[in-house]
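Below: the structure, in structure tokens.
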Amino acid sequence: MATLDGDAILASHAALQDVLSRFPEARRNECIFTARALEVVVGKGKGGYIVRVNRRVDHCEGIGPGGNFELDWFELYAVSPEGRIIERYQHVP
């Protein structure tokens, strides 16, 4: 368990909420479209935070070979200490 300062938590929360809001509403009851299947990595940058949100389909039961999911999907955010998203970079191969 890591120790995070309050600003890092605000930045992580803002990025996570943004990712969740972009998932298809009709599929939000499926594990792969919930926070359970996401991992957040946060680092302190100059004047804010860099937040990477990774998809972790291995956190969902029943996901196995043959699934059509992007295994190296992630989104990267620059977030202010107040939790305001400054910029978003989506990486989907």
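What you see is a predicted model; the values in this text were computed from it and never measured.
The CZ atom of Phe74 sits 12.5 Å away from atom CD of Glu39, with the distance rounded to the nearest 0.5 Å. For the atom pair CG (Asp18) and NE2 (His13), the distance works out to 11.0 Å, reported to the nearest 0.5 Å. Between atom OH of residue Tyr89 and atom CD1 of residue Ile50 there is a gap of 13.5 Å, rounded to the nearest 0.5 Å. Atom NE2 of His59 sits about 9.0 Å away from atom CZ of Arg36, to the nearest 0.5 Å. Between the CG atom in Asp58 and the CD1 atom in Ile32 there is a gap of 12.5 Å [rounded to 0.5 Å]. Distance check: Asn54 CG to Arg56 CZ gives 8.0 Å after rounding to the nearest 0.5 Å.
Residues Leu38 and Phe23 are in side-chain contact: their nearest non-hydrogen atoms beyond the backbone lie under 4.5 Å apart.
Here the closest heavy-atom approach between residue Pro81 and residue Gly47 is recorded as CD-O, 3.4 Å. Pairing each heavy atom of Ala37 with each of Cys31, the nearest pair is CB-O, 3.4 Å. For the residue pair Val42 and Ala8, the shortest heavy atom distance occurs at CG2-O, 4.2 Å. Scanning all heavy atoms of the two residues, the minimum distance from Ala14 to Gly83 falls at CB-O, 3.1 Å.
For Arg88 and Glu75, the salt-bridge test passes: some basic side-chain N is under 4.0 Å from an acidic carboxylate O.
Taking the ring axis of Phe33 as reference, the NZ or CZ atom of Arg55 stays within 45° of it and closer than 6.0 Å to the ring centre.
Hydrophobic clustering (side-chain heavy atoms under 4.5 Å, transitive across Ile, Leu, Val, Met, Phe, Trp, Tyr) groups Val40 together with Leu20. Following chains of ILVMFWY side-chain contacts shorter than 4.5 Å, one cannot reach Val19 starting from Leu10, and the two form parts of different hydrophobic clusters.
Of the possible polar contacts, one joining the Arg28 side chain to the Ser21 backbone as a donor-acceptor pair under 3.5 Å is found.
Residues passing the side chain to side chain contact (heavy atoms under 4.5 Å, CB included) test with Arg84, sequence neighbours excluded: Ser80, Ile86.
No donor-acceptor contact under 3.5 angstrom links the side chains of Arg27 and Asn29, judged on distance only.
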